[in-house]
Number of protein chains: 2
Amino acid sequence: MNIGEIARRAGVSRSTVSYVLSGKRAVSATTRQRIQAVIDELGYRPNASARALKEGRTRTLGLVIPPASQRLTDMQLGFVASVVEAAARHDLDVLLSPSGGDHDRSFERIVTGRRVDGVVLMEIRLTDDRVTRLATAGVPFVTIGRTADPRAMSWIDVDYATLISRCVHHLADLGHRQVALVNRSAELVAAGYGPSHRALAGFRTAVAERGLTGVDVCCGDDTPSGEACVAQLLAAHPEVTAVATINEAALPGMQRALSAAGLSVPGDFSVTGVAAQHWAEDFHPPLTAADVPMRQMGAEAVSLLLELIAAPGGPPRHRLYAPPVSLRSSTGPVRPR
Amino acid sequence: MNIGEIARRAGVSRSTVSYVLSGKRAVSATTRQRIQAVIDELGYRPNASARALKEGRTRTLGLVIPPASQRLTDMQLGFVASVVEAAARHDLDVLLSPSGGDHDRSFERIVTGRRVDGVVLMEIRLTDDRVTRLATAGVPFVTIGRTADPRAMSWIDVDYATLISRCVHHLADLGHRQVALVNRSAELVAAGYGPSHRALAGFRTAVAERGLTGVDVCCGDDTPSGEACVAQLLAAHPEVTAVATINEAALPGMQRALSAAGLSVPGDFSVTGVAAQHWAEDFHPPLTAADVPMRQMGAEAVSLLLELIAAPGGPPRHRLYAPPVSLRSSTGPVRPR
DNA sequence: TTGTATGCGTTATCAT
DNA sequence: ATGATAACGCATACAA
């Protein structure tokens, strides 16, 4: 079933069928109807590969996600969902590439096989070979997150430094003097994961500004890690009265550890941080936190990418999100233990 | 950068380059090395669209997921991850289509645009237009889940009826006489979602077999719904001493409601069901549950699909998973309240 | 208003 | 052992 078959049945040339499909040339009403009838009858749709070959574009976006082996966080999943959704609104398909390191076969296929018109790259590190790979290959791309020197590229990111800083100031305003930061996993920090490093920087800055005592710990992205991490924190630093976190997946475990230690939130202990709205609202009591607007960010990433594809020489564009800290019920005045 | 350019630089014809790449024809060592050197130097890789057009296959699988608007459950996410991972092992890319209803543009592109060699379809309903659409279009497909009459198609599924039945029998063995089933959302049930219907059937059968009293309720796929659902259940049926569920996303809320009611698990109340291992182990105490082997199922789906693609006329194949109920710590002997 | 011819980049058949 | 060439299905420049 190809365009020639449609043309034959409709008694016209292939180009006329093509022009009926694209609307790029006037076609008389009668022939158009005749052709359309055949198309509808046979359910014809143009072969995507042939069209891509001819047009030089695939109408497909690549989405590079963290390797499937490690569970995606809710926030990552939110990005994936919103990118796919935004792409669908533009009638674009999304090709998934689970690529962590370099020299990844799937990633290489996407980069160099001309399978996609552009790429959205997730889970960026401060130095990231995939970014240079895409840049040298000349593939338009937008990152969710940014490298250490992101001036030359287009990206959107969450301003973790500012957000964690705001959280610390909020805790300081409530009288807390000894606060902790629960970061992401030690592996991510070691790998140069930007949000972790920037959150830590913001934490230290704010702690210094307010003359607080701050302790920071790494924590795996899951419930058991969160529980172990906070249990250990309470044992090693009993003077800590509040915690800020960017590790939403650890929240249930953190809550469990606090409960096991007999600490009520926010009466005995305050919790705040950066999280997907869903996690903040699932916390008990609802978490005072900066809600990351994942859906908006995914849509924005696609939007920037489409601009980049349309105008390959254009200037890089950025968007740094610093959503306000939503006051809910998990932070309160310090009450010394 | 195309194959002609490589041929020119290496001083050979395009076909020789092609044969070096495919290995389908003997090429002398010297010319092969010369060509390979040029390929490596320029980082050449064949244009995927041209290759797909010529070969008649795209080396791409389609994965139809529930619409992005609704959050994916952990189990769904596990399927997605394992399908993508399994496809990558076969050097196949995965095209995502978030399609719930019919007449979905993204779905239509995939089905009829020859963008993929085969499709994995998730979140199947008992009667599902997408299945008939794929069948009439002649696209090889495998479903995760099955329709009401799945004999003619290839699928893998979780045997919810058997698993929930086992859970009920386990509870009956422990002396529970009044048990409840927490199902998925009312919308899913109304839409003819297979797992919900089959779980309910298994529940009713087992309840009858053991002469128990059973009550079943629908519940949204999130923490608040789980909490509200169990709170309501306890209020309306205070005689219930145990619950089985297939709604893993509601588990944290269910736990919260039990805790709020002053019921300890498993001392005062038993909880069991079907869940991803991750959810079972995150429960407090660890949940006695049938662990759905998502990773294995995704890999199996890809495997079946590849068979189907290789032998289009082959007989349909099925695989029904009934993993054993893992005894953990959330079920215990009944203790009347 | 419509038809003809060309080329996108690749693989495979035929010829040398 | 290698080269010339046709064909995959489409979009479009050019012709009529």
Side-chain angles (χ1 to χ4, degrees), chain A residues 1-36 38-39 42-60 91 109-117 137-139, chain B residues 1-36 38-39 42-60 91 93 109-117 137-138:
Chain A
M1 175 61 45
N2 57 34
I3 199 172
E5 177 71 9
I6 304 294
R8 198 182 59 71
R9 299 208 190 201
V12 296
S13 76
R14 293 181 317 193
S15 59
T16 303
V17 176
S18 179
Y19 283 119
V20 164
L21 250 23
S22 70
K24 290 185 179 176
R25 178 163 100 173
V27 176
S28 78
T30 54
T31 51
R32 180 172 53 243
Q33 285 170 1
R34 192 169 71 247
I35 293 172
Q36 191 63 53
V38 177
I39 288 176
L42 300 190
Y44 164 77
R45 303 217 49 208
N47 179 304
S49 298
R51 172 178 284 194
L53 177 59
K54 176 64 184 169
E55 290 193 329
R57 60 175 186 148
T58 59
R59 299 165 189 267
T60 304
D91 280 339
R109 277 199 302 273
I110 283 198
V111 171
T112 189
R114 305 233 186 294
R115 294 181 75 79
V116 299
D117 298 334
V139 177
Chain B
M1 176 60 45
N2 58 33
I3 199 171
E5 177 70 9
I6 303 294
R8 198 182 60 72
R9 299 210 189 200
V12 296
S13 75
R14 293 178 315 192
S15 54
T16 303
V17 177
S18 178
Y19 283 118
V20 164
L21 251 24
S22 70
K24 292 184 178 175
R25 178 164 98 174
V27 176
S28 78
T30 54
T31 51
R32 179 172 55 244
Q33 285 170 3
R34 191 168 73 245
I35 293 172
Q36 191 62 54
V38 177
I39 288 175
L42 300 190
Y44 164 77
R45 303 216 50 209
N47 179 305
S49 297
R51 172 178 280 191
L53 176 59
K54 179 60 185 166
E55 292 193 328
R57 61 178 183 143
T58 59
R59 299 167 191 265
T60 304
D91 280 339
D93 288 319
R109 277 199 303 271
I110 283 197
V111 171
T112 188
R114 305 232 185 294
R115 297 181 74 82
V116 299
D117 298 334

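Note: hydrogens, waters and symmetry copies are ignored here, and every other heavy atom, side chains too, is used. Chain identifiers are assigned alphabetically (A, B, ...) following the order of the sequence lines, protein sequences preceding nucleic acid strands; residue numbering begins at 1 within each chain.
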Distance check: side-chain N/O of A/S49 vs OP1/OP2 of D/dG9, anything under 4.0 Å?
-> no
Taking only N and O in the side chain of A/N47, is any of them less than 4.0 Å away from OP1 or OP2 of D/dG9?
-> no
Among D/dC8, C/dT10, D/dT2, which nucleotide sits nearest the side chain of B/L53?
-> D/dC8
So, are B/D93 and A/R109 salt-bridged, with charged N and O less than 4.0 Å apart?
-> yes
Whole angstrom value for the distance that separates [atom2] of [N] from [atom1] of [X]:
X: B/N2; N: C/dC8; atom1: CG; atom2: C1'; value: 10 Å
X: B/E5; N: C/dC8; atom1: CD; atom2: C1'; value: 16 Å
X: A/Q33; N: C/dT2; atom1: CD; atom2: P; value: 12 Å
X: B/I6; N: C/dT11; atom1: CD1; atom2: C1'; value: 16 Å

Could you report the tightest heavy-atom contact between [X] and [Y], atom names first, then the distance?
X: B/S49; Y: A/L53; value: CB-N, 3.9 Å
X: B/R34; Y: B/A10; value: NE-O, 2.9 Å
X: A/T58; Y: A/D117; value: N-OD1, 2.7 Å

How does each nucleotide of nucleotides 11-16 of chain D score, in 5' to 3' order, for protein heavy atoms under 4.0 Å: base (B), sugar-phosphate only (S), or none (-)?
-> BBBB--
The residue, B/A29 or A/G4, whose nearest nucleotide of DNA chain D is more 5′ is B/A29
Regarding B/R115 and A/T60, is there a side-chain donor-to-acceptor distance under 3.5 Å anywhere?
-> yes
B/S28 and B/T31: side chain donor to acceptor below 3.5 Å | yes
